Student: 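I am attaching a structure below and will ask some questions about it afterwards.
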Amino acid sequence: MAKGTLITVAPTGAESDPAQAPGLPVTVESLIETGRSCQTAGAGLIHVHVRDGQGQPTLDLGRVTAAVEGLREATDLVVQVSTGGSVHDSLEARLAVLEANPDSCSLSCGTVNFGDDVFLNPWPFMVELYQQTQQRQIVPEFEIFDLGQVTSMKRLLDKYGPPAGGSVHADLVMGVPGGMPATVEAMVAAVQALPEGATWSATGVGRWSMPVMLGSLAAGGHLRVGMEDTLTFAPGRPVVDNSELVARAASLADTAMRPALTPEEARAMLGIVDRRVDRSR
Ligand code: KMH
Ligand code: ZN
């Protein structure tokens, strides 16, 4: 059982409508402010999607780079960019975000129905993305939406060797309409299939946030929370901002006697290559 708990915040995502969620950080400035407040509340890693001037999802490299650099300057969080983008983004544009030189990136391990849409992750794309992370020393986080995707992740590791940094970390995204259900049974099945020594976190979308969080703490996993996955704090009570989701996760991690990892502890666990500049100069 891991002694501490990595808390990842996924503050924005590509699917939520800012008109329905006033606290959604859609500007680079608000993303950086969110990073600060979430680090204070207990986050160790931030999973970044950016939006354009209209609040719509974009993979514009200038904005992604500004977010990565701004978060690196203002916080100690591990900065992870999404290579998933939105369901409408091209594979080419999704690969190009690595140019922003993040600490980490998501790497989704297979194609999955995503509500009424399809989230496309063909094997050749997974291979290209994985090899680029190895060359660029960017630590991948393997996103698992369904049980068979654990097998695809192991296929990548078997064929192409260990990830940058040497640690294998997977994130179970549970309860997406089209993916695995947000049940303890599905969680246990996925975790049992992970390679020896891998660490993992879990997130439940929408109303599955709480049960998945409690299940993950009980099973030795880490946590991902944020407005990418959940816009409701409790029935009838919208999320005000991401930091309250992180604060609740940190409080539950304390209760489970597995307190939140600091960003430094998160970096060590994930094998992050330090790209921070010396801020004292
Ligand atoms: N927006 C979803 C279709 C990731 O960030 O890598 C995909 C996603 C996964 O959010
Ligand atoms: Zn994402």
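These values consider heavy atoms only, across backbone and side chains, with no hydrogens, waters or symmetry-generated copies. These numbers come from a predicted model, not from an experiment. Along the sequence shown, residues carry numbers from 1. Just so you know, ligand 1 is whichever comes first in the structure, and atom 1 is the first atom listed for that ligand.
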Student: Could you check whether any heavy atom of G85 sits closer than 4.0 Å to an atom of ligand 1, since that is the contact criterion I want to use?
Tutor: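 Yes, G85 has a heavy atom closer than 4.0 Å to ligand 1.
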Student: If you stand at the Zn ion (ligand 2) and look out to NE2 of H49 and NE2 of H47, what angle do those two lines make, to 10°?
Tutor: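 The angle at the Zn ion (ligand 2) comes to 100°, rounded to the nearest 10°.
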Student: Distance alone, cut at 3.5 Å: any donor-acceptor contact between the side chains of Q80 and S104?
Tutor: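 Yes - a donor-acceptor pair under 3.5 Å links their side chains.
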Student: Among protein heavy atoms, which lies nearest atom 5 (O) of ligand 1, and at what distance?
Tutor: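 The closest one turns out to be S82 OG, 2.7 Å.
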Student: Is a side-chain donor-acceptor pair under 3.5 Å present for Q131 with Q135?
Tutor: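 No, because no side-chain N or O of Q135 sits under 3.5 Å from a partner of the opposite role on Q131.
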Student: Please find the N/O/S atom of E228 nearest to the Zn ion (ligand 2) and write down its name.
Tutor: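 Nearest N/O/S atom: OE2.
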Student: Which ligand 1 atoms does E15 reach within 4.0 Å, using its non-hydrogen atoms?
Tutor: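 Contacts of ligand 1 toward E15, numbered from 1: 1 (N), 2 (C), 3 (C).
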Student: For the pair T5 and H222, evaluate side-chain hydrogen bond (donor to acceptor under 3.5 Å, both in side chains) and give the outcome as yes or no after the intermediate values.
Tutor: CA-CA 5 Å; T5 304; H222 300 273; 5.2 Å; no
Student: Heavy-atom contacts with V87 under 4.0 Å: which atoms of ligand 1 show up? List them by number with element.
Tutor: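 Near V87, the atoms of ligand 1 are 3 (C).
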Student: Would you say the side-chain atoms of D171 and S201 include a donor-acceptor pair closer than 3.5 Å?
Tutor: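 Short answer, yes.
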Student: Could you walk me through whether R237 and E244 pass the salt bridge (Lys or Arg N to Asp or Glu O under 4.0 Å) test, one step at a time?
Tutor: CA-CA 12 Å; R237 181 354 199 129; E244 69 173 356; 2.8 Å; yes
Student: Of the protein's non-hydrogen atoms, which lies at the shortest distance from atom 10 (O) of ligand 1, and what is that distance?
Tutor: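 Of every protein heavy atom, E228 OE2, 2.9 Å lies nearest to atom 10 (O) of ligand 1.
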Student: Can an N, O or S atom be found in E143 less than 2.8 Å away from the Zn ion (ligand 2)?
Tutor: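 No, outside the cut-off.
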Student: Using a 6.0 Å cut-off, check whether atom CG of D116 has over 12 heavy atoms from anything other than its own residue.
Tutor: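 Incorrect, the count does not exceed 12.
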Student: Just need the protein heavy atom nearest to atom 9 (C) of ligand 1, so name the residue and atom and give the distance.
Tutor: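 Checking every protein heavy atom, the shortest distance to atom 9 (C) of ligand 1 gives F119 CZ, 3.9 Å.
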Student: Within ligand 1, which atoms have a heavy atom of H49 less than 4.0 Å away?
Tutor: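 Checking each atom against H49, I get 5 (O), 10 (O).
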Student: Show which atoms of ligand 1 fall inside a sub-4.0 Å distance from at least one heavy-atom site of S106.
Tutor: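 Answer for ligand 1: 4 (C), 5 (O), 6 (O).
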Student: Is the ring pair F114/F119 parallel, tilted or perpendicular, if the boundaries are 30 and 60 degrees?
Tutor: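 Correct class here is perpendicular.
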Student: Checking the side chain of T27 only, and the main-chain atoms of S30 only, is there a donor and an acceptor separated by less than 3.5 Å?
Tutor: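 Yes.
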